[in-house]
Amino acid sequence: MAQILRRSFIQNSLRQPSAFSPSCARSPVISRHRRLISIRLMSSQQSYEYILVSRPDPSVVLVTLNRPKSLNALSSPLFKELNQALEEADKDVSVGAMVLTGSDRAFAAGADIKEMKDKQFSDVYKNDFLVDWTRIRQLHKPLIAAVSGYALGGGCELALMCDIILASPTAKFGQPEINLGVIPGGGGSQRLIHAIGKSRTMELVLTGRNITAQEAAAWGMVSRVVGEGEGEVVKEAVSMAKEIASKSQIAVQAGKEVVNAAYEMSLSEGLRFERRIFHSLFATNDQKEGMAAFAEKRKPNFTHS
């Protein structure tokens, strides 16, 4: 399995080629290509009904859930738009990282119960209901969740799908599905156990209890609690995204891949996989530039090649 993943990574990273080389980076053709991709990303915003897409920095895409009347309840149409926007950003060569947020009142208060309440087993089983939620895990670039207010049920699961979670002091997390006669269906039970362990996951899943941002941080569920004022967590997430975007995109993608691989592999397999991905980065121009810049005591100029 490690060999398959490593081969996939090398093929993907080295397939991007010459378009990112230093000489091509200055090419009018490549510059025009980058502009066209960015224009496509920005123009698609006008068709979105349930999300907002913005560029707080040229290297960062910010996606905001926008169903305020329902506390950003996660419906199938919303997830369709969310997947489209994030996948477009993931393909945009000018984007280094993405941020996902909701409102100050709610990141997302859960899945849309009105959409689900009349569904039958044959429908949800045959159509693999909620399978589209897993597409976020296929993104190559980092996705940071900036969570304020309620992140419950599907909202908690959506935050857990992201690579990093920053929480405001007002954030509340929970999996209250048990109160509706069901269990988490978007990965909550599986991702929580990796983040906070079996006993705490059992508590949340079986009681439906909500936890505060401070508890989530103490349990290791979120990276940290940031900011006191309105919008501060989003500012911090964008700042972190800009920092990540300043690195080599290939190295960032590799770092994300090896961390995620740890969920699937034994320690010995994971160590070998990490070492092989580390080896593969010596085939990149960014490794040569990064180490040369360190030796020469200057800032590296990464070309993502």
Side-chain angles (χ1 to χ4, degrees), residues 50-51 64-83 100-137 145-162 165-223 225 233 263:
Y50 303 112
I51 63 173
T64 304
L65 305 180
N66 189 37
R67 295 188 71 197
K69 292 182 179 179
S70 61
L71 297 179
N72 293 329
L74 301 172
S75 62
S76 294
L78 181 149
F79 242 96
K80 181 178 180 180
E81 293 185 357
L82 180 60
N83 284 330
L100 176 62
T101 193
S103 66
D104 288 324
R105 189 179 177 194
F107 176 74
D112 192 334
I113 305 303
K114 292 180 180 179
E115 177 186 6
M116 293 193 294
K117 67 182 182 66
D118 295 323
K119 287 185 177 294
Q120 300 296 318
F121 168 75
S122 59
D123 175 19
V124 296
Y125 183 76
K126 286 193 299 183
N127 295 298
D128 207 1
F129 183 52
L130 301 186
V131 70
D132 282 350
W133 289 32
T134 63
R135 284 168 58 181
I136 285 179
R137 298 303 297 168
V147 179
S148 294
Y150 296 110
L152 306 178
C156 184
E157 291 170 316
L158 178 57
L160 289 167
M161 292 178 212
C162 298
I165 305 175
L166 298 182
S168 80
T170 67
K172 287 183 173 58
F173 299 89
Q175 299 290 164
E177 291 90 347
I178 199 74
N179 298 321
L180 304 177
V182 291
I183 63 170
S189 65
Q190 305 304 297
R191 293 192 174 99
L192 273 175
I193 201 165
H194 286 290
I196 63 177
K198 176 184 175 181
S199 181
R200 288 166 173 164
T201 299
M202 283 288 191
E203 178 183 352
L204 296 189
V205 170
L206 301 184
T207 70
R209 179 173 86 84
N210 297 340
I211 62 172
T212 65
Q214 292 73 21
E215 283 179 287
W219 288 4
M221 181 179 170
V222 307
S223 181
V225 180
V233 69
Y263 285 101

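Just so you know, these numbers come straight off a predicted model, no measurement behind them.
The line from CG of Asp118 to CD1 of Ile113 is 11.5 Å long, rounded to the nearest 0.5 Å. A distance of 8.5 Å separates SG in Cys162 from CZ in Arg137, rounded to the nearest 0.5 Å. Distance check, rounded to the nearest 0.5 Å: NZ of Lys114 to OG of Ser75 gives 12.0 Å. Expressed to the nearest 0.5 Å, how far CG of Leu192 lies from OG1 of Thr201 amounts to 5.0 Å. Atoms CD1 and CG, on Ile211 and Leu204 in that order, are 5.5 Å from each other to the nearest 0.5 Å. Considering CD1 of Ile51 and CG of Asn72, their distance stands at 11.0 Å, rounded to 0.5 Å.
In this structure, Lys80 has no salt bridge (Lys or Arg N to Asp or Glu O under 4.0 Å) partners at least two apart in sequence or on a different chain. Partners of Asp123 by salt bridge (Lys or Arg N to Asp or Glu O under 4.0 Å), not counting sequence neighbours, listed by chain and number: Lys119. With sequence neighbours left out, Ser76 forms a side-chain hydrogen bond (donor to acceptor under 3.5 Å, both in side chains) with Glu115.
At a threshold of 4.5 Å between non-hydrogen side-chain atoms, the residues Glu215 and Met221 do not count as touching. Within the 4.5 Å cutoff, side-chain heavy atoms of Leu65 are placed close to those of Leu100. Two residues are said to be in side-chain contact when any heavy atoms from C-beta on lie closer than 4.5 Å; Phe79 and Leu158 meet this criterion. Leu82 is not listed as a side-chain neighbour of Trp133, based on a closest heavy-atom distance of 4.5 Å or more. The shortest side-chain heavy-atom distance between Val205 and Ile178 does not fall under the 4.5 Å cut-off. At a threshold of 4.5 Å between non-hydrogen side-chain atoms, the residues Val147 and Val222 do not count as touching. Between Asp104 and Thr170 there is no side-chain heavy-atom pair separated by less than 4.5 Å.
The minimum heavy-atom distance between Ser148 and Val233, with the atom names listed, is OG-CG1, 3.3 Å. Nearest heavy-atom pair across Leu74 and Gly155 is CD1-N, 3.8 Å. Smallest separation of non-hydrogen atoms from Met161 and Gly186: CE-O, 3.6 Å. Across every non-hydrogen atom of Ser223 and Leu166, the tightest pair is CB-CD2, 4.0 Å. Taking both residues in full, the closest heavy atoms of Phe107 and Ala146 are given as CD1-O, 3.7 Å, listed atom of the first, atom of the second, then distance. Looking at every heavy atom in both residues, Ala213 comes nearest to Pro169 through CB-O, 4.2 Å.
Sorted by first and then second residue, the pairs that involve residues 64-77 and meet salt bridge (Lys or Arg N to Asp or Glu O under 4.0 Å), not counting sequence neighbours, are Arg67-Asp112. Applying the ring-ring contact (aromatic ring centres under 6.0 Å, His included) rule to pairs touching residues 170-219 yields His194-Tyr263, sequence neighbours excluded. Among pairs with a residue in residues 189-205, those fulfilling salt bridge (Lys or Arg N to Asp or Glu O under 4.0 Å) read Glu203-Arg209, at least two apart in sequence or across chains.
A donor-acceptor pair under 3.5 Å is formed between the side chain of Glu157 and the backbone N or O of Gly187. Under the 3.5 Å distance criterion, the side-chain polar atoms of Glu81 are left unmatched by any main-chain donor or acceptor of Leu78. In this structure, the side chain of Gln175 does not engage the main chain of Pro184 through any donor-acceptor pair within 3.5 Å.
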